Engineer: 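Sharing a structure below in structure tokens format, with a few things to ask.
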Amino acid sequence: MDDPTVNWSKERYDEIESKMVPFLRSSGYNVKKDVQFLPISGLLGSNLKTRLEKSVCPWWSGHCLFEVLDAVEVPPRDPNGPLRMPIIDKFKDMGTVVMGKIESGSIREGDNLLIMPNKAAVKVLAIFCDEDRVRHVGPGENVRVRLSGVEEDDLLSGFVLCSVAKPIPAVTEFVAQLQILELLDNAIFTAGYKAVLHVHAVVEECEIVELMQQIDLKTKKPMKKKPLFVKNGAIVLCRVQVNNMICVEKFSNFAQLGRFTLRTEGKTVAVGKITALPTVADSA
């Protein structure tokens, strides 16, 4: 907003908002409830920590970014639920150390846990939160966990540290509800469509193997006729297949592990949520 060609112009601000709102709506956001717009300058720090002065932006009387962030409701996470910690990185340091964010459950020193999908039984030797060593850590924390029982070379980003009693499902196929955003030129979204799947820390090539139902955008109910292909803006229920086994959850059970994006040539073409997993995975 501080660029000389813009100079805190309300017209430019309104133009950006008017272009973003339809995109956010099509991505599934409730714009009135979930989205807040505000003018800022990251380079100068304007309207980040303190509110804009009228001399800078006379038409703005709203909050600054820090105030908006402080008011954001933290999503509920269950400290007593089954442990779910997607691994984003790993390294050697007197054992194997994994890094990630705890989405559900808690970790204590001495816990016996499981890494999926390779079913490696591990023991927690130490837990680090920032630079501090702690004995116990709960959901929402970014941590480093030193483990015994597994080698660094046996782990990949996207593997999940989980509880032995209730491990995360590991699948090569799932059913999902997809919102098509914008396909590449001349692309047709149909069975056989290939893209790159991004779900929590997993990046994996995938293929749409079946279009099961198209959802009517007005009524939000499934259409009777099974679609052969869909276009930009469509919502479709489909079956997705990946080459390697991945750890995911149904969106209704763990939203953080059940939402994903599909990307092609570096562009996000669709967003989705996992609605069903194979029964074998559910009973695992």
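Everything numeric here is computed off the predicted structure, so don't read it as measured data. FYI, side chains are in, hydrogens and waters are out, and symmetry mates aren't considered; it's all heavy atoms of this structure.
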Engineer: What pairs meet the ring pair (Phe, Tyr, Trp, His ring centres under 6.0 Å) rule with one or both residues in residues 92-128, with sequence neighbours excluded?
Structural biologist: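 Non-adjacent pairs meeting ring pair (Phe, Tyr, Trp, His ring centres under 6.0 Å): zero.
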Engineer: Check whether any side-chain heavy atom of Pro82 lies under 4.5 Å from a side-chain heavy atom of Ser104, and answer yes or no.
Structural biologist: yes
Engineer: Please name all residues satisfying ring-ring contact (aromatic ring centres under 6.0 Å, His included) with Tyr193, sequence neighbours left out, ordered by chain then number.
Structural biologist: Phe189
Engineer: Might you work through the ring-ring contact (aromatic ring centres under 6.0 Å, His included) test for Trp59 and Tyr13, ending with a clear yes or no?
Structural biologist: CA-CA 11 Å; Trp59 52 269; Tyr13 175 89; 5.0 Å; yes
Engineer: Can you check side chain to side chain contact (heavy atoms under 4.5 Å, CB included) on Cys206 and Leu262, steps first, answer last?
Structural biologist: CA-CA 9 Å; Cys206 73; Leu262 294 185; 3.6 Å; yes
Engineer: Each residue besides Val196 in its hydrophobic cluster should be listed here, by chain and number; the cluster joins Ile, Leu, Val, Met, Phe, Trp and Tyr at side-chain heavy-atom distances under 4.5 Å.
Structural biologist: Val203
Engineer: For Glu173, which residues count as a side chain to side chain donor-acceptor pair (under 3.5 Å) partner, sequence neighbours excluded?
Structural biologist: Arg239, Gln241
Engineer: Let me have the donor-acceptor pairs involving side chains of residues 222-234, under 3.5 Å, with sequence neighbours excluded, atom names and distances please.
Structural biologist:
| residue | atom | partner | partner atom | Å |
| --- | --- | --- | --- | --- |
| Lys226 | NZ | Glu210 | OE2 | 2.8 |
| Asn232 | OD1 | Leu183 | N | 2.9 |

Engineer: Cluster partners of Val72, using ILVMFWY side-chain heavy atoms under 4.5 angstrom, listed by chain and number?
Structural biologist: none
Engineer: Who pairs with Lys267 by salt bridge (charged side-chain N to carboxylate O under 4.0 Å, His left out), at least two apart in sequence or on another chain?
Structural biologist: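 If we apply the salt bridge (charged side-chain N to carboxylate O under 4.0 Å, His left out) test to Lys267, skipping adjacent residues, the hits are Glu182.
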Engineer: Before you tell me yes or no, could you show the steps for Phe251 and Phe260 under ring-ring contact (aromatic ring centres under 6.0 Å, His included), namely the whole-Å CA-CA distance, both residues' side-chain angles and the distance that decides it to 0.1 Å?
Structural biologist: CA-CA 10 Å; Phe251 181 83; Phe260 64 92; 9.9 Å; no
Engineer: Taking atom CD as the centre, does Glu205 end up with more than 12 heavy-atom neighbours from other residues, nucleotides or ligands that are less than 6.0 angstrom away?
Structural biologist: no
Engineer: Is any NZ, NE, NH1 or NH2 atom of the basic residue among Arg135 and Glu109 found under 4.0 Å from an Asp or Glu carboxylate oxygen of the other?
Structural biologist: yes
Engineer: Which ILVMFWY residues are connected to Phe66, directly or by a chain of links, through side-chain heavy atoms under 4.5 Å apart?
Structural biologist: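 Hydrophobic cluster check, Phe66: no partners found.
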Engineer: Can you pull the side-chain hydrogen bond (donor to acceptor under 3.5 Å, both in side chains) pairs that have at least one residue in residues 79-90, sequence neighbours excluded?
Structural biologist: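 Sorted result for residues 79-90: Arg84-Glu249.
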Engineer: Could you go through Glu204 and Asn243, starting from their C-alpha distance and side-chain angles, then the distance that decides it, and tell me whether this counts as side chain to side chain donor-acceptor pair (under 3.5 Å)?
Structural biologist: CA-CA 8 Å; Glu204 187 74 35; Asn243 297 329; 4.7 Å; no
Engineer: Using the test salt bridge (charged side-chain N to carboxylate O under 4.0 Å, His left out), find all partners of Asp93 that sit at least two apart in sequence or belong to another chain.
Structural biologist: Arg146
Engineer: Only counting residues at least two apart or in another chain, list the ones meeting side chain to side chain donor-acceptor pair (under 3.5 Å) with Thr5.
Structural biologist: Asp3
Engineer: Who passes ring-ring contact (aromatic ring centres under 6.0 Å, His included) against Phe159, sequence neighbours left out?
Structural biologist: none
